[in-house]
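Every heavy atom of this structure was used, including side-chain atoms; hydrogens, water molecules and symmetry mates were not.
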Amino acid sequence: MSEERSLNFLEEIIENDIEMGANDGRVHTRFPPEPNGYLHIGHATSICLNFGLAKKYSGKCNLRFDDTNPVTEETEYVESIKNDIKWLGFTWDNELYASDYFEQLYDFAVQLIRKGLAYVDDSTAEEIAATKGSLVTPGINSPYRERTVDENLQLFADMRAGKYKDGEKTLRAKVDMAHPNLLMRDPLMYRIKHEHHHRTGDKWCIYPMYDYAHGQSDSIEQITHSICTLEFIHHRPLYDWFIAQLGIFPSHQYEFARRNLTYTVMSKRKLLQLVNENHVTGWDDPRMPTVSGMRRRGYTPEAIRQFCDTIGIAKRENITDISMLEFCVREHLNKTANRVMAVLDPVKLVITNYPGGQEDVFDIENNPEDPNGGTRKVPFSNELWIEREDFMEEAPKKFFRLAPGNLVRLKGAFIVKCEGCKKDDSGNITEVHCTYLPESKSGHDTSGLTVKGTIHWVSIAHAKTAEVRMYDRLFRVEDPSSEEGNFKDYINPDSMQIIPSVYIEPALADAVPGDRVQFMRKGYFCVDTESKPGKLVFNRTVTLKDAWAKEVKRG
RNA sequence: AGUUCGAUUGUGUAACGGUAGCACCACAGACUCUGACUCUGUUAGUCUAGGUUCGAAUCCUAGUCGAACUACCA
């Protein structure tokens with residue numbers, strides 16, 4: 001049995017609605033992106049929420065593109081958004097577009113004009129701003145506010161017919177220019193834009209504003225719970241006003257606090273700058289908090305969903321520690337990623353009592369966490385690559401790796417005893433020498449010895465090579481947006497370090513883009529989209545926890 | 001300044017008038033053919049001041065602090 005989990009505030013609202021018989025017990029949500037950019041982890045939260053609630057309460061969730069501004073929107077984004085949602089593991093019930101409702105929205109507007117609740121305004125943008133009032137002072141009525149219904153009907157029809165240029169006229173709702181909520185001071189419903197729309201082409205030259213389109217679109221789709229982020233809370237009275245005046249299905253809006261993550265930025269504007277100014281290689285750069293970036297980084301949909309579920313949902317400002325996300329990624333990869341050996345910073349290990357030219361092949365377990373994970377063949381010989389940091393000529397007491405006199409297990413192979421090392425003229429270590437214990441063979445160990453350290457290795461004669469890209473956090477500070485000055489001043493200059501050639505075990509030679517593995521003791525890595533046979537490229541998804549590194553740092 | 005929303009360990013989130021809990025992080029230990037994983041434990045919190053009540057994180061009042069809002073963007 002799964003344990004009882006407390007409800008978040010939206011689940012409470014929904015369960016209460018169901019209990020009260022609201023909407024005949026129906027739950028229908030929607031995810032409404034504007035197709036003007038790529039999805040990021042914030043959107044992922046909203047996706048998990050909307051699709052998750054629909055699933056939990058046997059309801060439906062629509063995918064609706066909020067495409068009411070033809071200037072910024074493109075089909076390319078529609079496709080990437082759909083792809084990201086599918087990758088995250090969700091399926092929408094209906095694929096819809098606000099632009100599907102342009103005719104219906106126009107009819108609604110005519111109704112409001114007839115009721116004397118909307119008027120055509122000839123004021124310029126500057127004039128409207130100037131008469132809007134301020135946070136503490138009321139606005140002033142437009143001189144065009146009292147036009148007759150017939151006149152408004154005619155002018156609105158003329159707007160649609162293309163008789164006016166951009167900005168010459170608008171349609172405004174007639175609410176209250178003294179309302180304390182600025183959004184209620186005769187908000188714009190339509191503006192003129194002689195622009196090509198990615199779906200309606202040149203059919204329209206007037207386009208509805210968000211506030212006028214969104215609630216009505218929800219209503220048309222019979223959305224029961226319209227969930228958005230907190231910055232729209234001021235829009236709710238207007239959302240309700242339009243629906244009430246039109247007497248249409250009463251969808252309701254609920255707001256939650258958008259999620260922020262440490263060591264990154266989330267606003268579309270800032271992400272765009274990172275891309276345009278080449279601080280990253282693109283929207284899908286593995287350092288980006290975009291869904292496509294995280295996918296390329298090697299994060300799994302399961303991990304992202306688990307993360308969204310773990311951090312929960314509330315109405316207060318927040319900034320979630322990125323280590324929470326990394327924990328979820330490790331947790332899933334630990335169960336699913338095969339273990340392999342790769343040496344990133346090599347030094348040669350010579351086994352002096354193992355005959356040159358001889359070779360062993362070991363079957364090594366792919367994943368100790370997965371009983372059905374199977375094994376792979378790993379060749380062994382007298383010369384191996386090991387990590388440079390796994391040998392110390394003069395080692396501290398708690399160093400369990402290779403040091404003269406120390407015993408260490410070569411993962412899946414033998415226990416070796418370190419005999420010393422060879423150096424070049426400038427004192428750099430060029431070879432580590434050791435002898436092996438034949439009776440300590442992995443799985444058939446009769447030596448009776450236990451060793452504290454186990455290290456990974458790759459046989460020099462059999463090694464393949466690959467490029468490895470080591471990623472770190474994009475920023476040096478937890479919350480770049482709240483720091484003094486420009487957020488870009490806080491970019492981490494070492495967020496990507498490329499190692500052109502590392503040694504990998506031969507079993508990895510046919511890895512293909514998207515494959516995820518653990519380089520034992522080094523971290524989780526995935527094969528990059530740019531990787532090709534013979535020219536492999538791995539991205540470091542996330543490091544392993546490293547208690548020894550902490551110990552060393554502490555001194 | 002006005003309106004609206006919010007405030008629980010370092011972070012995120014529960015507790016719905018009745019034992020302040022869970023996860024991450026940090027720390028300590030056990031285990032380990034990954035210094036990983038796993039397991040055990042530790043540290044640490046109700047913004048402030050009043051009030052209601054047998055009893056307040058929760059209800060009330062006042063304050064403090066934070067966020068959002070004055071785009072022909074969404």
Side-chain angles (χ1 to χ4, degrees), chain A residues 3 5-8 12 32-34 36 66-69 71-73 121 123-125 128-129 132-137 139 166-172 179-183 185 188-193 206-207 209-211 213-214 228-237 255 257 259 262 268 307 310-328 330-331 334-335 339 341 364-365 368-369 398-401 408-413 415 440 442-443 445 450-456 478 518-523 543-552:
Chain A
E3 71 234 56
R5 194 165 151 280
S6 52
L7 303 177
N8 65 46
E12 283 183 4
E34 182 187 14
N36 70 344
D66 229 332
D67 56 350
T68 57
N69 185 358
V71 179
T72 56
E73 295 152 6
D121 197 330
S123 304
T124 63
I128 288 177
K132 187 115 191 176
S134 76
L135 294 173
V136 285
T137 56
D166 288 8
E168 260 187 79
K169 285 183 165 49
T170 58
L171 185 72
R172 290 230 255 170
H179 201 285
N181 181 342
L182 290 287
L183 285 162
R185 321 245 259 229
L188 262 57
M189 294 167 60
Y190 275 92
R191 76 288 216 193
I192 300 170
K193 277 182 191 284
I206 58 171
Y207 290 93
M209 301 289 289
Y210 166 85
D211 279 307
H214 201 94
C228 60
T229 47
L230 227 36
E231 66 265 27
F232 289 100
I233 198 163
H234 302 277
H235 298 244
R236 184 167 8 120
E255 310 86 12
R259 316 304 315 197
T262 56
K268 215 172 259 182
F307 170 71
T310 303
I311 62 178
I313 197 73
K315 293 183 82 164
R316 64 168 161 163
E317 298 302 313
N318 59 80
I319 178 159
T320 303
D321 201 315
I322 186 79
S323 56
M324 196 94 82
L325 211 205
E326 292 175 340
F327 172 81
C328 294
R330 286 193 193 101
E331 189 179 42
N334 177 48
K335 295 194 190 86
R339 275 60 168 168
M341 296 194 283
I364 300 184
E365 166 183 56
E369 303 288 327
K398 282 156 84 180
F399 185 78
F400 303 143
R401 286 113 94 143
V408 163
R409 161 78 61 185
L410 294 174
K411 173 70 190 177
I415 292 175
S440 67
S442 194
D445 189 344
T450 56
V451 293
K452 288 289 269 183
T454 299
I455 64 171
H456 61 279
E478 282 199 352
Q518 182 196 99
F519 288 174
M520 291 202 79
R521 305 206 299 136
K522 289 279 118 186
T543 60
L544 256 26
K545 283 210 205 170
D546 191 344
W548 173 245
K550 264 184 205 167
E551 182 79 28
V552 169

Figure out the [atom1]/[atom2] separation between [X] and [N], and round it to whole Å.
X	N	atom1	atom2	value
A:Leu410	B:U34	CG	P	13 Å
A:Arg236	B:U3	CZ	C1'	14 Å
A:Ile364	B:U34	CD1	C1'	12 Å
A:Ile319	B:U13	CD1	P	12 Å
A:Lys411	B:C37	NZ	P	15 Å
A:Arg401	B:U32	CZ	P	19 Å
A:Glu326	B:U11	CD	P	18 Å
A:Phe400	B:C31	CZ	P	12 Å

Heavy atoms under 4.0 Å, any strand shown: does [X] hit a base, just sugar-phosphate, or nothing?
X	value
A:Ser442	base
A:Phe519	nothing
A:Ile313	sugar-phosphate
A:Gly443	base

Using the [atom1] atom in both, what is the distance from [N] to [M], to the nearest Å?
N	M	atom1	value
B:U9	B:A57	P	14 Å
B:G55	B:G17	C1'	8 Å
B:G6	B:A74	P	27 Å
B:C59	B:G66	C1'	24 Å
B:A20	B:C24	P	23 Å
B:G45	B:U4	P	34 Å
B:A68	B:C72	C1'	22 Å
B:U43	B:G21	P	12 Å

List the residues meeting salt bridge (charged side-chain N to carboxylate O under 4.0 Å, His left out) with A:Lys169, not counting sequence neighbours, and say none if there are none.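 Scan of A:Lys169 (salt bridge (charged side-chain N to carboxylate O under 4.0 Å, His left out), adjacent residues dropped) gives A:Asp122.
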Any residue meeting salt bridge (charged side-chain N to carboxylate O under 4.0 Å, His left out) with A:Asp121, in chain and number order, not counting sequence neighbours: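 Counting only residues at least two positions away or on another chain, A:Asp121 forms a salt bridge (charged side-chain N to carboxylate O under 4.0 Å, His left out) with A:Arg172.
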Which nucleotide wins on minimum distance to the side chain of A:Lys452, given the candidates B:U32, B:G6, B:G12?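 Closest of the options to the side chain of A:Lys452: B:U32.
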Nearest of B:C33, B:G35, B:G12 to any side-chain atom of A:Arg409?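 The closest nucleotide is B:C33.
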With A:Thr170, which of A:Ile192, A:Ile206, A:Ile128 fulfils side chain to side chain contact (heavy atoms under 4.5 Å, CB included)?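 The residue from A:Ile192, A:Ile206, A:Ile128 that satisfies side chain to side chain contact (heavy atoms under 4.5 Å, CB included) with A:Thr170 turns out to be A:Ile128.
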[X]: partners by side-chain contact (heavy atoms from CB on, under 4.5 Å), with sequence neighbours left out:
X	value
A:Asp321	A:Thr262, A:Ser323
A:Phe400	A:Lys452
A:Asn181	A:His179, A:Leu183, A:Met184, A:His234, A:Pro237
A:Asn334	A:Arg339, A:Glu369, A:Tyr524

So what stems show up for RNA chain B if we need 3 or more Watson-Crick or G-U pairs in a row, all under 3.5 Å?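 Result, WC/G-U stems under 3.5 Å: B:2-7 with B:64-69, B:10-13 with B:21-24, B:26-30 with B:38-42, B:47-51 with B:59-63.
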Apply ring-ring contact (aromatic ring centres under 6.0 Å, His included) to A:His214 and list each qualifying residue two or more places apart in sequence or on a separate chain.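 A:His214 satisfies ring-ring contact (aromatic ring centres under 6.0 Å, His included) with A:Tyr210 once adjacent residues are dropped.
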Once ring-ring contact (aromatic ring centres under 6.0 Å, His included) is applied, do any residues pair with A:Phe519, and if so which ones, sequence neighbours excluded?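 If we apply the ring-ring contact (aromatic ring centres under 6.0 Å, His included) test to A:Phe519, skipping adjacent residues, the hits are A:Phe525, A:Phe538.
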Any side-chain N or O of A:Arg521 under 4.0 Å from OP1/OP2 of B:G35?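 Yes, such a contact exists.
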Rounded to the nearest 0.5 Å, what separates atom OG1 in A:Thr320 from atom CZ in A:Arg259?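 Nearest 0.5 Å value for the OG1-CZ distance: 4.5 Å.
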When you check every protein heavy atom under 4.0 Å of nucleotides 17-27 of chain B, what one-letter string (B, S, -) results, 5' to 3'? -------SSSS
Treating primed atoms plus P, OP1 and OP2 as sugar-phosphate and everything else as base, which nucleotides of nucleotides 68-74 of chain B get B, S or - for protein heavy atoms under 4.0 Å? BBB-BSB
Under the side-chain hydrogen bond (donor to acceptor under 3.5 Å, both in side chains) rule, collect the residues that match up with A:Asp166, sequence neighbours excluded.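 side-chain hydrogen bond (donor to acceptor under 3.5 Å, both in side chains) list for A:Asp166, sorted by chain: empty.
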Taking the side chain from A:Arg330 and the backbone from A:Thr543, do they hold a donor-acceptor pair closer than 3.5 Å?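 Checked: pair present.
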Taking atom types as they are modelled, would you say the side chain of A:Arg259 forms a donor-acceptor pair with the base of B:G12 within the 3.5 Å cutoff?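 By the distance-only test, no, there is no pair.
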Ignoring hydrogens and geometry beyond distance, is the side chain of A:Gln518 in donor-acceptor contact with the base of B:U34 at under 3.5 Å?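 Answer yes: a donor N or O sits under 3.5 Å from an acceptor.
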Is there a side chain to side chain contact (heavy atoms under 4.5 Å, CB included) between A:Ile364 and A:Met341? Walk through the geometry before answering. CA-CA 10 Å; A:Ile364 300 184; A:Met341 296 194 283; 4.0 Å; yes
At their closest point, which heavy atom of A:Leu230 faces which heavy atom of A:Glu255, and how far apart are they?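 So the two residues come closest at CD1-CB, 3.7 Å.
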